[in-house]
Protein chains: 2
Amino acid sequence: MSDSLPVPLAHRVPDLAALELLLAVARLGSLGRAARELGITQPAASGRVRSMERLLGVALVERSPRGSRLTDAGVLVTDWARRIVEAAEAFDAGAQALRSRRDSRLRVVASMTIAEYLMPTWLVALRAERPGTAVSLLAGNSAAVAERLRAGEADLGFVEGLQVPPGLDGVVVGRDRLMVVAAPGHPWARRRAPLEPGELAATPLVLRERGSGTRQVLDAALAAHGGLAEPLLELASTTAAKAAAVGGAGPSVLSELAVGEELAARRLVEIPVADLELRRDLRAVWPAGHYPAGPARDLLGLTWSPAGQRA
Amino acid sequence: MSDSLPVPLAHRVPDLAALELLLAVARLGSLGRAARELGITQPAASGRVRSMERLLGVALVERSPRGSRLTDAGVLVTDWARRIVEAAEAFDAGAQALRSRRDSRLRVVASMTIAEYLMPTWLVALRAERPGTAVSLLAGNSAAVAERLRAGEADLGFVEGLQVPPGLDGVVVGRDRLMVVAAPGHPWARRRAPLEPGELAATPLVLRERGSGTRQVLDAALAAHGGLAEPLLELASTTAAKAAAVGGAGPSVLSELAVGEELAARRLVEIPVADLELRRDLRAVWPAGHYPAGPARDLLGLTWSPAGQRA
DNA sequence: ATGAGGGCATAAGCTGAAGTTATGAGTGAC
DNA sequence: GTCACTCATAACTTCAGCTTATGCCCTCAT
């Protein structure tokens with residue numbers, strides 16, 4: 001009767017190699033071809049799929065002497081697997097940029113929020129379009145971004161802020177909105193009327209520390225409504241603030257980029273606020289007068305229309 | 001000079017167990033505590049983190065005699081890792097529902113699109129709110145969903161369609177929009193003026209097969225504009241159509257749910273169309289007169305406000 | 001018909017990654 | 001000074017997963 005620890009996720013989900021193989025089988029229609037593509041032997045591929053089916057308790061692939069097709073369940077599983085693999089690709093692109101510090105053809109500096117939530121996608125896109133461009137990524141606040149660019153230590157920067165830092169030129173590549181969020185159990189989640197700005201300002205919140213971009217925007221927006229109350233908690237990272245809010249510590253104000261997953265899974269709910277503009281621009285920036293060329297221009301081109309603009 | 005095969009992703013990205021460990025270290029502030037939480041020994045955790053750092057070529061954790069904190073790079077990597085782990089959790093929730101066919105407390109039938117793109121998130125949310133609810137999931141078209149519900153073989157269904165199937169009651173839980181998409185290199189991607197419906201109707205497209213929900217909506221919307229031209233390709237799954245469009249076979253019309261990732265990464269771009277309503281409702285449905293109770297009601301409650309409504 | 005080729009499964013053997021236990025060393029609290 | 005906590009290192013063990021070698025099944029071309 002061991003009250004055993006919860007089985008870790010890794011023991012219930014096939015590993016990346018297996019998921020990649022499944023995608024290859026779906027695409028190529030044969031275990032053997034998929035095996036060749038991944039550089040393993042056919043029996044290895046056969047075994048991987050079999051152990052994956054055993055793990056999941058569902059038949060995924062219909063084998064026949066003329067090839068293999070996905071079963072109905074296999075189609076679903078493969079689509080879900082694709083999500084994991086895509087997240088892994090983004091991870092890889094980001095990690096590679098963290099590693100290649102020096103001698104990169106493109107040196108990027110970005111604010112934390114952008115580096116966390118947007119950069120991996122951009123890097124994947126860049127890799128697809130210009131394979132072999134070595135990118136290095138550094139994260140820091142707006143001042144640090146500006147500093148590095150002016151010192152010639154970076155080719156392209158990204159900041160979220162109210163205006164372009166002095167000495168730099170830039171273009172808006174997207175917008176971000178701060179949202180008031182709370183755990184679904186919080187009283188605010190059951191309100192019918194939107195929150196009044198004054199109410200928000202007067203309530204102790206879970207916030208990032210003073211000096212963060214998020215905090216600055218919020219301070220500015222609430223200055224006209226009596227100013228921000230003393231925070232309930234002051235945390236050093238977006239993730240920590242999010243975790244505190246999910247855990248029910250109190251309402252928080254976070255970037256919509258940061259809470260997409262939490263909203264979708266209902267771990268947080270958005271609290272509408274009346275008449276409060278919490279948008280901020282996301283900008284690509286570079287040293288004044290030096291419009292990006294080469295790889296920097298390639299990356300800039302990728303950031304113009306996608307994701308961020310939808311809101 | 002072996003022109004070696006590309007190194008598979010799995011060799012460049014740490015495995016799930018390592019990523020989970022990293023998240024635990026970030027949360028708990030100590031390798032040992034994280035190890036205990038995952039049911040392994042401290043040296044094992046220490047080794048896992050070390051090999052992860054070796055793989056990525058970046059220091060992730062700052063060890064000290066009183067605990068461990070993430071480095072700057074570690075914070076970024078951890079946030080990227082969280083995405084992978086969340087995708088894996090969704091995968092697991094979905095897979096578990098595929099497995100437990102019989103003797104489940106909640107039997108769900110859903111259309112393919114909903115099962116693929118929305119159900120995993122809902123299941124994760126349900127698991128968080130009502131742990132231990134055994135769910136079984138079956139996917140099929142609208143007619144099959146209705147059939148199972150009427151036969152009492154399922155407790156709750158989800159369909160995307162223009163109206164509620166006969167014999168069922170339902171509520172709208174979200175909306176979906178079909179989008180015209182093309183590879184970034186396609187001439188339509190460089191248009192300035194939006195596409196005219198007549199133009200769209202007259203162009204051979206990459207489409208799902210006749211009978212799919214997507215195809216029906218498109219047929220109906222273009223009936224007034226001369227009807228759909230003979231398709232360029234007719235494919236059996238959304239994924240196949242998406243892959244063909246990404247590969248440049250031609251423009252396609254797909255659910256916004258299906259193409260989020262591709263748009264963000266610029267593998268596809270949306271082509272605006274003038275004056276064409278391609279929305280469709282996503283509905284939860286149940287046998288007429290039998291409003292869901294128990295676990296079915298719990299799940300229904302989760303689907304009401306999140307994701308789908310934003311558009 | 002019959003052989004070639006592609007597809008998959010099984011069996012036997014090997015290897016290495018990753019776990020365990022056991023231990024030591026640094027740091028801070030009391 | 002000792003206890004309680006951290007983490008690192010070393011030696012040993014185990015087992016998952018690979019490879020090679022084979023065999024069967026099916027289809028298609030000769």
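Below, each value reflects all heavy atoms present in this structure, side chains not excepted, and no hydrogens, waters or symmetry copies. In the text below, chain A, chain B and the rest are named by the order of the sequence lines, each starting its count at 1.
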Base, sugar-phosphate, or nothing: which does B:Gly47 touch, judged by heavy atoms less than 4.0 Å apart?
nothing

Strictly below 4.0 Å: does [X] bring a side-chain N or O up to OP1 or OP2 of [N]?
| X | N | answer |
| --- | --- | --- |
| B:Ser68 | D:dC7 | yes |
| A:Ser46 | C:dA9 | yes |
| B:Ser64 | D:dT6 | no |
| B:Arg50 | D:dA8 | no |
| B:Arg48 | C:dA18 | no |
| A:Thr41 | D:dT19 | yes |
| B:Arg66 | D:dC7 | no |
| A:Arg63 | C:dG7 | no |

Closest nucleotide of DNA chain D for B:Gly29 versus for A:Pro65: which of these residues is on the 5' side?
B:Gly29

Which atoms form the tightest heavy-atom contact between B:Ser136 and B:Ser104, and what is the distance?
CB-OG, 3.5 Å

A:Leu56 and B:Arg99 have their tightest heavy-atom pair at O-NH1, 3.0 Å

Would you mind reporting whether [Y] and [X] have side-chain heavy atoms less than 4.5 Å apart?
| X | Y | answer |
| --- | --- | --- |
| B:Leu76 | A:Met112 | yes |
| A:Trp80 | B:Leu98 | yes |
| A:Glu153 | A:Leu138 | no |

Send over the distance from [X] [atom1] to [N] [atom2], rounded to a whole Å.
| X | N | atom1 | atom2 | result |
| --- | --- | --- | --- | --- |
| B:Leu38 | C:dG19 | CG | P | 11 Å |
| B:Arg36 | C:dT20 | CZ | P | 13 Å |
| B:Glu62 | D:dA8 | CD | P | 12 Å |
| A:Leu28 | C:dC8 | CG | P | 11 Å |
| B:Gln42 | C:dA25 | CD | P | 16 Å |
| B:Leu31 | D:dT9 | CG | P | 12 Å |
| B:Arg33 | D:dC7 | CZ | P | 8 Å |
| A:Arg69 | C:dG7 | CZ | P | 16 Å |

Among the nucleotides D:dT19, D:dT6, D:dT9, whichever has the atom closest to the side chain of B:Pro43 is D:dT9

